Amino acid sequence: MNTPSRPLIRFEGVVKKYGQTTVLDNLNLEVRSGEKLSLIGPSGSGKTTILRILMTLEKIDGGCVWIGDEPLWHMPRNGSLVPADEKHLHAMRSQIGMVFQHFNLFPHMTAEENVSRPQQIVCGKPRAEADKLARQLLEQVGLGGKSGHYPAMLSGGQKQRVAIARALAMNPRIMLFDEVTSALDPEVVDEVLQVLRSISKETSMTMLMVTHEMSFAHEFSDRVLFLDGGKIVEEGPPDQIFRAPAEKRTQAFLRKVAAAGHRVD
């Protein structure tokens with residue numbers, strides 16, 4: 001467990017709606033710098049929405065989100081907070097990396113180019129420097145021999161590992177993982193989880209993970225949040241949530257997960 005520190009991420013009374021449906025309902029959430037946090041709960045509970053808000057892919061309808069001392073969706077002007085402009089959002093977004101469920105690789109680029117090109121475009125790195133880091137990170141995720149392969153030549157698990165390397169290459173303060181194994185065949189799930197295990201142990205990066213892999217969440221997390229109906233129903237250390245949940249909704253959810261054949265501890 002990491003030592004206590006000031007929150008790196010704060011959601012203060014955050015509301016998010018899609019039409020008449022409230023997805024996040026006055027959400028208050030703090031995440032410490034360096035913390036590894038898993039978000040679990042039924043579909044539609046707001047887990048992925050939290051990540052998408054942090055990645056500036058979804059606007060908020062109320063409240064405020066902070067990254068360190070800076071507001072994410074607002075910016076200071078004349079002593080008050082006003083809606084952020086694109087320049088502010090771009091600057092904030094550069095601190096955050098996200099790995100999606102469906103890889104989102106460029107099909108016309110090799111694995112190395114998929115990791116190298118964003119560094120050149122977003123960070124302004126020279127190509128030689130970006131290529132060198134891309135090769136190092138592909139080696140780190142077990143794909144040193146695949147740098148010249150195009151996505152169509154890679155398995156689902158290999159594509160996801162390229163996507164992880166691409167996110168790491170941007171050197172973010174915060175890494176977000178959204179159901180990164182749910183689109184994979186069962187036999188390749190563990191190769192991706194093994195990479196995440198290694199990263200979580202070797203880095204002090206703050207990491208938020210939405211996952212249905214409960215046994216992995218137990219192993220990975222400093223803290224687990226169970227969400228339902230856009231609210232945090234229960235939170236605590238993995239042992240508490242998975243072995244002795246206090247809330248009936250948490251208990252019912254974990255029973256359903258176990259009945260579906262997934263380990264929960």
Side-chain angles (χ1 to χ4, degrees), residues 8-9 31 33-39 47-58 67 72 89-107 109-125 129-144 146-147 149-151 154-184 188-189 191-211 213 216-217 220-221:
L8 176 60
I9 300 168
V31 184
S33 179
E35 188 173 17
K36 311 296 187 281
L37 180 71
S38 285
L39 309 176
K47 308 180 301 294
T48 291
T49 301
I50 290 172
L51 302 193
R52 291 179 64 84
I53 286 170
L54 286 169
M55 198 61 194
T56 70
L57 296 172
E58 299 284 357
I67 305 296
L72 178 60
L89 289 173
H90 178 79
M92 298 302 291
R93 194 183 297 130
S94 68
Q95 304 179 54
I96 302 166
M98 185 164 178
V99 182
F100 298 86
Q101 181 176 342
H102 292 292
F103 327 131
N104 294 357
L105 300 180
F106 293 108
M109 294 184 187
T110 64
E112 182 177 317
E113 288 168 340
N114 264 285
V115 180
S116 174
R117 197 64 58 84
Q119 300 175 61
Q120 298 170 56
I121 295 170
V122 178
C123 306
K125 277 189 183 178
E129 182 183 342
D131 285 350
K132 181 180 179 182
L133 180 58
R135 289 190 293 271
Q136 290 172 347
L137 288 168
L138 288 170
E139 189 74 41
Q140 182 180 332
V141 300
L143 295 174
K146 304 288 186 181
S147 61
H149 285 50
Y150 290 90
L154 301 174
S155 71
Q158 289 169 338
K159 291 175 190 174
Q160 194 59 289
R161 285 186 278 158
V162 174
I164 292 168
R166 177 181 59 187
L168 289 172
M170 307 306 287
N171 194 31
R173 297 173 75 188
I174 299 164
M175 276 282 278
L176 311 174
F177 300 95
D178 184 23
E179 294 281 17
V180 294
T181 61
S182 63
L184 302 178
V188 300
V189 165
E191 69 185 45
V192 174
L193 294 183
Q194 192 55 46
V195 168
L196 296 181
R197 285 185 189 99
S198 175
I199 293 168
S200 69
K201 289 172 184 172
E202 293 170 4
T203 182
S204 60
M205 234 184 316
T206 305
M207 300 168 76
L208 280 71
M209 177 173 293
V210 170
T211 184
E213 299 282 349
F216 180 72
F220 163 86
S221 310

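Positions are given from 1 along the sequence. Keep in mind that what you see is a predicted model, and the values were worked out from it rather than measured.
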Notebook entry, point to check: Between atom CD of E179 and atom CD of E213, what is the distance when rounded to the nearest 0.5 Å?
Noted result: 8.5 Å

Notebook entry, point to check: Does F177 have any ring-ring contact (aromatic ring centres under 6.0 Å, His included) partners at least two apart in sequence or in another chain, and if so, which?
Noted result: none

Next item on the list: Find the distance between NE2 (H102) and CG (L184) and round it off to the nearest 0.5 Å.
Entry: 9.5 Å

Check: Which pair of heavy atoms, one from L168 and one from M205, lies closest together, and at what distance?
Finding: CD2-CE, 3.6 Å

Margin query: Under the rule for salt bridge (Lys or Arg N to Asp or Glu O under 4.0 Å), what residues qualify as partners of D131, not counting sequence neighbours?
Written below: R127

Notebook entry, point to check: To the nearest 0.5 Å, what is the distance between CG (L39) and OG1 (T211)?
Noted result: 10.0 Å

Checklist line | Close side-chain approach of I9 and L208, heavy atoms under 4.5 Å | finding: yes

Next item on the list: Go through the structure and list residues passing salt bridge (Lys or Arg N to Asp or Glu O under 4.0 Å) with E191, not counting sequence neighbours.
Entry: R161

Checklist line | CA sep, side-chain torsions, deciding dist, call: H149, V162, side chain to side chain contact (heavy atoms under 4.5 Å, CB included) | finding: CA-CA 11 Å; H149 285 50; V162 174; over 6 Å; no

Next item on the list: Would you sort out whether L154 and F103 count as a side chain to side chain contact (heavy atoms under 4.5 Å, CB included), showing the intermediate values?
Entry: CA-CA 12 Å; L154 301 174; F103 327 131; over 6 Å; no

Next item on the list: Check whether any side-chain N or O of N114 sits under 3.5 Å from a backbone N or O of M109 as a donor-acceptor pair, and report yes or no.
Entry: yes

Check: Between L137 and A165, which heavy-atom pair has the shortest distance, and what is it?
Finding: CD1-O, 3.6 Å

Next item on the list: Starting from the C-alpha separation in whole Å, work towards a yes-or-no answer on side chain to side chain contact (heavy atoms under 4.5 Å, CB included) for L138 and K146.
Entry: CA-CA 8 Å; L138 288 170; K146 304 288 186 181; over 6 Å; no

Margin query: Quick one: does any side-chain atom of S200 pair with a main-chain N or O of R197 as donor and acceptor, under 3.5 Å?
Written below: yes

Notebook entry, point to check: By side-chain hydrogen bond (donor to acceptor under 3.5 Å, both in side chains), which residues pair with S147, not counting sequence neighbours?
Noted result: none

Item checked: Least distance between heavy atoms, F220 atom then S38 atom -> CD2-OG, 3.5 Å

Notebook entry, point to check: Within a strict 4.5 Å, meaning less than it, do heavy atoms of the M207 and I199 side chains meet?
Noted result: yes

Check: If every non-hydrogen atom of L51 is compared with every non-hydrogen atom of L176, which pair is closest and at what distance?
Finding: O-CD1, 3.5 Å

Note to self: Once rounded to the nearest 0.5 Å, what's the spacing between atom NZ of K159 and atom OH of Y150?
What the structure shows: 15.0 Å

Next item on the list: Could you give me the CA-CA distance, side-chain angles and deciding distance for I164 and V180, then say whether side chain to side chain contact (heavy atoms under 4.5 Å, CB included) is met?
Entry: CA-CA 9 Å; I164 292 168; V180 294; 5.6 Å; no

Next item on the list: Sort and list the pairs that fulfil salt bridge (Lys or Arg N to Asp or Glu O under 4.0 Å) and have at least one residue in residues 113-125, not counting sequence neighbours.
Entry: none

Check: Between the side chain of Q158 and the main-chain N/O of L143, is any donor-acceptor distance below 3.5 Å?
Finding: no

Note to self: Let me confirm one number: the OG-CE distance from S94 to M170, rounded to the nearest 0.5 Å.
What the structure shows: 8.5 Å

Check: Minimum heavy-atom separation for R52 to M98, with atom names?
Finding: CG-CE, 4.4 Å

Notebook entry, point to check: side-chain contact (heavy atoms from CB on, under 4.5 Å) with Q95: which residues, sequence neighbours excluded?
Noted result: I67, E70, M92, R173

Next item on the list: Taking K36 for its side chain and A217 for its backbone only, find out whether a donor-acceptor pair lies under 3.5 Å.
Entry: no

Check: Once you round to the nearest 0.5 Å, how far does CG of D178 lie from CE of M209?
Finding: 10.5 Å

Next item on the list: Would you name the heavy atoms of P172 and G97 that are closest together and state the gap between them?
Entry: CB-N, 3.4 Å

